[in-house]
Participant: 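Quick one: this structure, given as structure tokens, is what I'll be asking you about.
Quick note on labels: first sequence line is chain A, next is B, and so on, each numbered from 1.
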Number of protein chains: 2
Amino acid sequence: MTTTPTADWLRLDQQICFSLNAASRAFGGVYRVVLKDLGLTYPQYLVMLVLWERGDLPVKKLGEHLRLDSGTLSPLLKRLEAAGLVRRERSARDERSVEVRLTGEGAALRERALEVPRRIAAATGFDVDEIRELRARLDQLTAALDAAALEEMPGQGVQ
Amino acid sequence: MTTTPTADWLRLDQQICFSLNAASRAFGGVYRVVLKDLGLTYPQYLVMLVLWERGDLPVKKLGEHLRLDSGTLSPLLKRLEAAGLVRRERSARDERSVEVRLTGEGAALRERALEVPRRIAAATGFDVDEIRELRARLDQLTAALDAAALEEMPGQGVQ
DNA sequence: CGTCATTTAGTTGTGCACAACTGAATTGTG
DNA sequence: CACAATTCAGTTGTGCACAACTAAATGACG
């Protein structure tokens, strides 16, 4: 008998979600330390990563890359603007849209950020292949959960 | 040449942290749907899990199990108390301590929560062994990150 | 052309995470 | 016993996530 009794599923240490949360928060702790020099929080760092990689973007596109909506991004971008790292400019072509542009200071910060991923990777104690494998697992998990979330939506079904 | 250029480390899709965050938020989305019936948020559910498993506990112990401090737990527990699921009582023996006790209603809620883990597990699309393995990986990661966070603390060193 | 649905940022409100602090109770030490 | 250090819960302030909403601009269609 290798099946698990229902009640045991409730046991805290059986919950992946708990492990995932713990890992996520532990990451947050390491990032907090590493990013303090750059004056960035972790979500702000993610926004900067996207801008460094893809160049200037409207808020909408930024949100798609990061899976964040304007409710999260609007105040975050204001803080980045107050820090002098980005500017926000209404698009001339479409006045609904706001372009987020790196300032010189924001672009320059990339140099100092180059060592961040290596420090983080070192902190994990994982080698590159282990990281890659874990990442693949997590992405698979995310995809499954997103699909399931749609199905669970009452009266909505799958599109 | 299989080594990765430094600049590529900055690429968003190479960041485990991003995958981890995405998975964590995707989990949050599924839990939000599944727990809505119970009237619980996901962190509130975690608190209830601990209480169901371990019985009444002081806030301190609860925080140790969940890696949360009073700044997070105090308002959360107030909301659980307002919902009638727990009571908070100053310990007679040590008046600094506050015991968190399940009410009858709080204890009864466990019955309805029994199906939650199975629904979540189903949503992941992973089988029991895959879940177990992922969990082990994540716990290993968390332990490494916690250790690294201590070392990174400037001027603090390892104890 | 005018109307209406859609798109896009932004705002508001709720809840969580965490740092820094307060204040009360307890413990350790002389 | 007195008093300093520690422990514990709570509060405050900042920042993020997300739902629900607003307001303005755009686009589609009759």
Participant: Mark up nucleotides 6-15 of chain C, 5' to 3', with B wherever a protein heavy atom is under 4.0 angstrom from a base atom, S wherever such an atom reaches only the sugar-phosphate, and - elsewhere.
Facilitator: -BSBBB---S
Participant: So which atom in A:D56 and which in A:L102 form the shortest heavy-atom distance, rounded to 0.1 Å?
Facilitator: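 Scanning both residues completely, I find the closest heavy atoms to be OD1-N, 3.3 Å.
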Participant: Heavy-atom distance under 4.5 Å between the side chains of B:Q44 and B:L35, does that happen here?
Facilitator: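 No, too far: nothing below the 4.5 Å cut-off.
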Participant: Provide the closest heavy-atom pair for A:L145 versus B:A23 in the form atom of the first, atom of the second, distance.
Facilitator: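 Heavy-atom minimum between the residues: CD1-O, 4.1 Å.
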Participant: Let me know the distance between CG of A:L68 and P of D:dA19, rounded to the nearest Å.
Facilitator: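 Whole-Å distance recorded here is 12 Å.
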Participant: Let me know the distance between CG of A:L66 and P of D:dC18, rounded to the nearest Å.
Facilitator: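 Atom CG in A:L66 sits about 12 Å away from atom P in D:dC18.
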Participant: Roughly how many Å is it from CD in B:E89 to C1' in D:dA9, rounded to a whole number?
Facilitator: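 So the CD-C1' distance, B:E89 to D:dA9, works out to 15 Å.
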Participant: What's the CG-C1' distance between B:L62 and D:dT7, to the nearest Å?
Facilitator: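 In whole Å, D:dT7 C1' lies 17 Å from B:L62 CG.
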Participant: In this structure, how many angstroms lie between the P atom of D:dA17 and the CZ atom of A:R25, rounded?
Facilitator: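 In whole Å, D:dA17 P lies 15 Å from A:R25 CZ.
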Participant: side-chain hydrogen bond (donor to acceptor under 3.5 Å, both in side chains) with B:R90: which residues, sequence neighbours excluded?
Facilitator: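 In terms of side-chain hydrogen bond (donor to acceptor under 3.5 Å, both in side chains), with neighbours along the sequence ignored, B:R90 is linked to no residue.
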Participant: Provide, to the nearest angstrom, the distance between the CG atom belonging to B:N21 and the C1' atom belonging to D:dA17.
Facilitator: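 After rounding, the gap between these two atoms is 10 Å.
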Participant: So, for A:R135 and B:S19, which heavy atoms are closest and what is the spacing to 0.1 Å?
Facilitator: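 Closest approach of A:R135 to B:S19, heavy atoms only: CG-OG, 3.0 Å.
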Participant: Tell me which nucleotide among D:dA19, D:dA25, C:dA17 gets nearest to the side chain of A:E95.
Facilitator: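 Per side-chain heavy atoms of A:E95, the pick is D:dA25.
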Participant: Do the side chains of A:R87 and A:E99 get close enough for a salt bridge, i.e. N-O under 4.0 angstrom?
Facilitator: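 Looking at A:R87 and A:E99, the cut-off is not met.
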Participant: Provide, to the nearest angstrom, the distance between the OH atom belonging to B:Y31 and the C1' atom belonging to D:dC18.
Facilitator: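 My rounded result for the distance is 18 Å.
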